[in-house]
Engineer: 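Below is one structure. I have some questions about it.
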Amino acid sequence: MERQLRIIQKNTVEILPEKELIKKLESSLKEKKPLRVKYGIDPTGAEIHLGHTVPIRKLKDFQNLGHKIIFLVGDFTATIGDPTGRNETRPILSQKQIEGNLLGYQEQIGKILDLKKTEFRHNSEWLAKLKLEELLRLASNFTIARILERDDFFLRYKSGKPIFMQEFLYPLMQGYDSVILNSDIEVGATEQKFNLLAGRTLQEALGKEPQVIITMPILEGTDGIRKMSKSFHNYIGINEKPEEIYGKLMSIPDSLMEKYFHLLTELSEIEISEFLKIPLLAKKRLAHSIVKSYYGKERAERAEKHFETIFQKRKVPEEMPVLKLKKSDFKEGKIWIIKLLSLSELVTSHSDARRLILQKTVSLNGEIITNPDLEIEPKEEAILKVGKRRFIKIKVK
RNA sequence: GGGUAGGUACCGAAACGGUUAAACGGAGCAGACUGUAAAUCUGCCGGCGAUGCCUUUGGAGGUUCGAAUCCUCCCCUGCCCA
């Protein structure tokens with residue numbers, strides 16, 4: 001019991017109310033009945049990133065302690081868009097987009113949780129059938145003033161930004177999920193606090209035992225300022241290539257290292273404080289450790305080597321994508337450098353290619369190209385480099 | 001429904017008849033530097049085989065030699081009144 005509590009408390013921001021958690025743990029132990037721990041995700045993006053893994057790792061703790069994880073995919077609510085953490089309305093996703101995003105979720109989550117012991121549910125199962133009458137009954141448990149208490153609503157309201165009715169209903173629906181799922185505990189990031197509490201309100205109103213809520217810290221993204229999110233382009237997806245994950249982790253501000261260690265690795269206090277004495281080493285350990293947890297030791301080592309080769313030694317990596325050129329790509333045996341760059345997808349447009357050439361960042365076999373009108377004679381194999389981290393091997397058929 | 005203020009590039013935000021692909025900030029990209037893809041400094045940041053051409057300031061029309069800027073209608077948002 002004491003041990004369970006200590007594990008659960010680690011890294012959390014708040015447990016509300018803690019007394020109820022203790023009570024629930026006690027009766028769970030006595031009756032040998034696992035607690036139902038809910039976690040919901042908005043399938044708006046197909047990728048799980050390290051920010052999501054913070055609460056998911058907490059679920060792992062619960063799973064290890066023998067409790068039941070209920071992983072809720074908010075497919076229905078995603079069609080509405082949770083306003084959390086955004087100061088604007090989220091685009092409404094189509095059912096098709098959501099279905100597309102669902103694919104691959106389990107696979108990614110399986111890297112952390114034991115899927116066999118995890119119950120996956122979709123909230124369209126009950127929300128799609130909810131009658132207006134029932135919705136009204138649920139809505140009568142909240143007042144506008146209370147919903148408006150929510151930080152992001154309040155800020156938006158104050159600054160004159162639109163809030164739509166369906167957004168107002170979001171916490172309600174999330175709370176209703178808890179009613180249906182009979183959750184004992186719901187885990188979420190701190191920004192979810194209001195929604196999590198709505199679950200308590202509704203469970204109580206409908207004569208059920210209210211869930212305990214556990215909030216987890218929000219992980220800042222690679223910019224070190226804003227929370228990790230796809231829309232801020234500061235995220236590290238767990239499905240990204242090991243080299244990418246490693247590199248992105250190396251780019252986080254030093255000040256964030258300690259937090260990342262605590263929230264994303266298994267390393268102990270002592271180990272962490274020891275590592276932090278030497279910043280570069282610490283960051284490499286961090287990157288290595290995280291890559292390893294998703295891809296294994298071998299890939300982590302390869303990613304580390306890749307980083308050292310490119311950024312520390314400034315050399316060309318061993319492996320890189322290959323572009324095969326066909327005869328039809330050539331004109332009189334030659335190919336225009338800008339066309340080549342465009343075919344390689346190392347640039348976003350011809351103008352982009354031209355700019356990069358003029359900035360002297362494009363090289364072919366180590367030779368810097370300065371003339372954007374250059375026509376290249378085909379060789380059998382060549383290495384095209386843009387900037388210091390974009391490479392492609394060119395092969396002529 | 002009435003009144004009023006607005007809608008500018010990825011985001012925020014100037015310009016309010018012409019020297020404007022549109023100030024400035026952030027994001028992004030590149031370079032220098034560095035233990036680092038950090039910090040800092042510098043350059044770039046609509047498209048096009050390009051000293052020129054094409055498409056852009058919610059949408060559709062119109063006025064004008066010339067429109068993000070003026071007019072008409074429509075769409076969207078804030079606030080106030082009902």
Side-chain angles (χ1 to χ4, degrees), chain A residues 83 85-92 153-165 167 220-236 240-260 275-288 290-291 303-315 317 329-332 334-343 345-363 368-376 385-391:
Chain A
R86 308 191 119 221
N87 287 325
E88 60 190 272
T89 315
R90 181 175 281 185
I92 292 176
F153 282 147
F154 180 70
L155 289 175
R156 255 159 64 180
Y157 187 66
K158 220 170 61 175
S159 63
K161 292 203 175 115
I163 300 171
F164 294 91
M165 292 292 283
E167 297 183 277
E220 287 84 358
T222 51
D223 57 3
I225 299 162
R226 293 185 293 183
K227 72 161 187 168
M228 186 176 284
S229 159
K230 198 163 188 172
S231 36
F232 296 146
H233 304 288
N234 63 355
Y235 72 100
I236 304 174
E240 292 187 64
K241 278 193 240 137
E243 288 76 19
E244 277 297 305
I245 297 177
Y246 192 98
K248 283 185 178 182
L249 283 165
M250 289 303 288
S251 84
I252 64 167
D254 287 2
S255 57
L256 221 56
M257 281 198 280
E258 194 176 350
K259 190 169 183 184
Y260 269 52
F275 289 154
L276 285 173
K277 287 179 185 163
I278 310 168
L280 178 63
L281 204 69
K283 210 179 261 182
K284 287 173 86 170
R285 289 281 187 146
L286 176 70
H288 186 277
I290 292 172
V291 173
E304 186 157 282
K305 226 182 222 166
H306 179 85
F307 181 84
E308 286 165 0
T309 308
I310 293 177
F311 299 107
Q312 294 190 284
K313 296 180 192 151
R314 293 288 166 90
K315 285 187 182 158
D329 294 325
F330 295 95
K331 222 187 267 172
E332 295 165 14
K334 290 181 174 182
I335 184 163
W336 181 34
I337 181 66
I338 287 183
K339 188 180 177 192
L340 182 63
L341 283 166
S342 162
L343 283 171
E345 292 176 348
L346 259 31
V347 299
T348 55
S349 69
H350 282 203
S351 297
D352 187 36
R354 190 176 289 268
R355 261 178 243 127
L356 288 164
I357 290 170
L358 292 174
Q359 290 188 112
K360 298 184 175 51
T361 69
V362 177
S363 70
I368 291 172
I369 291 165
T370 51
N371 177 14
D373 299 318
L374 190 69
E375 301 278 344
I376 295 172
K385 185 181 172 199
V386 177
K388 49 189 159 190
R389 46 186 290 233
R390 287 181 258 175
F391 304 89

Engineer: Kindly express the pairing pattern of RNA chain B in dot-bracket notation, using | wherever a base pairs with another strand and counting only Watson-Crick or G-U pairs under 3.5 Å.
Structural biologist: (((((((..(((.....[.....))).(((((.......))))).(((...)))...(((((..]....)))))))))))).

Engineer: So what does E308(A) hit on the nucleic acid, given a heavy-atom distance under 4.0 Å: a base, only sugar-phosphate, or nothing?
Structural biologist: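 Touches nothing.
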
Engineer: Could you tell me how the ring of W336(A) sits relative to the ring of H350(A): parallel (under 30°), tilted (30 to 60°) or perpendicular (over 60°)?
Structural biologist: perpendicular

Engineer: Do F153(A) and Y157(A) have their ring centres less than 6.0 Å from each other?
Structural biologist: no

Engineer: Dump the intermediate steps for side-chain contact (heavy atoms from CB on, under 4.5 Å) on L341(A) and I357(A), then the final yes or no.
Structural biologist: CA-CA 10 Å; L341(A) 283 166; I357(A) 290 170; 3.8 Å; yes

Engineer: How long is the span from the NZ atom in K283(A) to the CD1 atom in I252(A), to the nearest 0.5 Å?
Structural biologist: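 Answer rounded to 0.5 Å: 6.0 Å.
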
Engineer: Determine, for Y235(A) and K248(A), whether the Lys NZ or Arg CZ falls below 6.0 Å from the six-membered ring centre while staying within 45 degrees of the axis.
Structural biologist: yes

Engineer: State whether the number of non-hydrogen atoms from other residues, nucleotides or ligands found under 6.0 Å of E345(A) atom CD is greater than 12.
Structural biologist: no

Engineer: Tell me whether the side-chain N/O atoms of R390(A) come closer than 4.0 Å to OP1 or OP2 in C29(B).
Structural biologist: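 Negative; the distance criterion is not met.
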
Engineer: To the nearest angstrom, how far is E167(A) atom CD from U77(B) atom P?
Structural biologist: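 My rounded result for the distance is 12 Å.
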
Engineer: Between S159(A) and K331(A), name the one whose nearest nucleotide on RNA chain B is closer to the 5' end.
Structural biologist: K331(A)

Engineer: I163(A) CD1 to G78(B) C1': how many Å, rounded?
Structural biologist: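 Distance check: I163(A) CD1 to G78(B) C1' gives 11 Å.
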
Engineer: If I take atom NZ in residue K161(A) and atom P in nucleotide C11(B), what distance separates them, rounded to the nearest angstrom?
Structural biologist: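 Atom-to-atom, K161(A) to C11(B), this comes out as 13 Å.
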
Engineer: To the nearest angstrom, how far is L346(A) atom CG from G28(B) atom P?
Structural biologist: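 For the pair L346(A) CG and G28(B) P, the rounded distance is 19 Å.
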
Engineer: Answer yes or no: is there an ion pair linking E375(A) with K331(A), defined by an N-O contact shorter than 4.0 Å?
Structural biologist: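 A salt bridge is absent here (no side-chain N lies under 4.0 Å from a carboxylate O).
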
Engineer: Taking atom C1' in both U51(B) and G61(B), what distance in whole Å separates the two?
Structural biologist: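 Rounded to whole Å, the distance is 36 Å.
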
Engineer: Could you give the distance from CD1 (I338(A)) to CG (L343(A)), rounded to the nearest 0.5 Å?
Structural biologist: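 Answer for the CD1-CG pair, I338(A) versus L343(A), is 12.0 Å.
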
Engineer: If you pin G387(A) and G160(A) to their nearest nucleotides in RNA chain B, which one's is more 5'?
Structural biologist: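 Residue closer to the 5' terminus by nearest nucleotide: G387(A).
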
Engineer: In whole angstrom, give me the gap between the P atoms of U77(B) and U8(B).
Structural biologist: 14 Å

Engineer: How many Å lie between CG on L340(A) and P on G49(B), as a whole number?
Structural biologist: 15 Å

Engineer: Go along nucleotides 35-47 of chain B 5' to 3' and tag each nucleotide: B for a protein heavy atom under 4.0 Å from its base, S when only backbone or sugar atoms are that close, - otherwise.
Structural biologist: BBBS----BSS-S

Engineer: Taking E244(A) for the side chain and K241(A) for the main chain, is one N or O donor matched with an acceptor at less than 3.5 Å?
Structural biologist: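 Absent.
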
Engineer: F391(A) CZ to A30(B) C1': how many Å, rounded?
Structural biologist: 14 Å

